[in-house]
Amino acid sequence: SFTPSLLPSLPCHSLVSLPRFPEWDGSTVHRYTHSEVYITTFNCGASAVRQIWGDDETEHYYVSTSSYVRKKAWPSTSDVWSYSMGTTVGGASKYLESVYAMKSSGRDVVVLRASDGQYVRTFQLSTAGGDNFGNLFGGLVAVGNKLYRGDNVQNTIYRCMKGMGGSGRT
């Protein structure tokens, strides 16, 4: 999962969406400022959390947990909506009106409508460059026309064009 020390390597405008860090084995989330100053903890109402993505424009946040992507409204632990991915969700990230979600393995990217969690489409990341998408553990970032996907087995971050399936290692 993301840690504050990894954040400066991402584009600056994506940092606004990453102020919370989950505990894998529980529902406790540790909140930090963008300057990596600890704020507090809160209960997100879900366990086995791999990634939390805060929404810059609203008081909502998105949780990747077990086999679901969940949208929650701060400070509630209730779901605004949830979407089943069918198996372990590796990460989810919101950009503009869409939520991009991936399972913990594989190259399929599911696009959901951020407002209500409705399925929009699925596209696949390209393996043309020999990329082997291993375990995704909370390292999915959507910003601009790019999707960044971390791989904690390969210790690699893949930079892909959203919706076009292209990829390249960074």
Side-chain angles (χ1 to χ4, degrees), residues 1-85 87-105 109-110 112 114-115 117 133-144 146-160 162 169-170:
S1 63
F2 280 111
T3 58
S5 61
L6 292 177
L7 293 178
S9 65
L10 298 173
C12 292
H13 53 285
S14 69
L15 298 179
V16 178
S17 298
L18 295 170
R20 301 173 177 97
F21 300 92
E23 287 183 1
W24 166 249
D25 60 347
S27 58
T28 301
V29 177
H30 302 270
R31 293 187 67 209
Y32 293 83
T33 68
H34 299 292
S35 303
E36 302 177 24
V37 176
Y38 178 78
I39 301 171
T40 189
T41 61
F42 70 94
N43 180 330
C44 71
S47 61
V49 175
R50 284 192 170 217
Q51 183 170 353
I52 290 186
W53 190 269
D55 188 333
D56 299 351
E57 300 163 357
T58 69
E59 291 292 319
H60 293 100
Y61 60 100
Y62 301 84
V63 181
S64 303
T65 176
S66 302
S67 60
Y68 287 89
V69 175
R70 302 174 186 279
K71 179 179 182 177
K72 296 178 177 281
W74 172 262
S76 173
T77 59
S78 300
D79 293 344
V80 173
W81 57 253
S82 66
Y83 180 84
S84 176
M85 296 281 285
T87 189
T88 305
V89 179
S93 175
K94 178 194 179 269
Y95 185 71
L96 298 178
E97 304 303 317
S98 298
V99 173
Y100 298 85
M102 292 186 77
K103 297 176 181 177
S104 60
S105 63
V109 178
V110 174
L112 306 172
S115 61
F133 302 109
N135 191 27
L136 173 60
F137 202 105
L140 189 65
V141 177
V143 63
K146 299 206 173 37
L147 190 66
Y148 296 85
R149 184 204 188 279
D151 184 325
N152 77 337
V153 174
Q154 302 291 326
N155 294 321
T156 302
I157 295 176
Y158 297 94
R159 182 185 65 221
C160 311
K162 287 190 308 204
R169 294 175 187 220
T170 59

Parallel, tilted or perpendicular: ring planes of Phe42 versus Tyr61, cut at 30 and 60 degrees: perpendicular

From CG (Leu112) to CE (Met85), nearest 0.5 Å: 7.5 Å

Residues Asp79 and Lys71 bridged, charged N to O under 4.0 Å: no

Validation row: Val29, Ile52 side chains within 4.5 angstrom (heavy atoms): yes

Donor-acceptor contact below 3.5 Å, side chain Lys94 vs main chain Leu96: yes

Spacing of Phe137 atom CZ and Ser64 atom OG [to the nearest 0.5 Å]: 11.0 Å

Value rounded to 0.5 Å, distance of OG1 in Thr88 from OH in Tyr68: 12.5 Å

Reported NZ-to-OG1 distance for the pair Lys103 and Thr87, which is rounded to 0.5 angstrom: 6.5 Å

Trp81 side chain to Val69 backbone, donor-acceptor under 3.5 Å: no

Any Met102 side-chain heavy atom under 4.5 Å of Gln51 side chain: no

OH (Tyr83) with more than 12 external heavy atoms under 6.0 Å: yes

Heavy-atom closest pair, residues Leu140 and Gly91: CD2-O, 3.5 Å

Rounded distance [0.5 Å steps], CG in Asn43 versus OG in Ser27: 3.5 Å

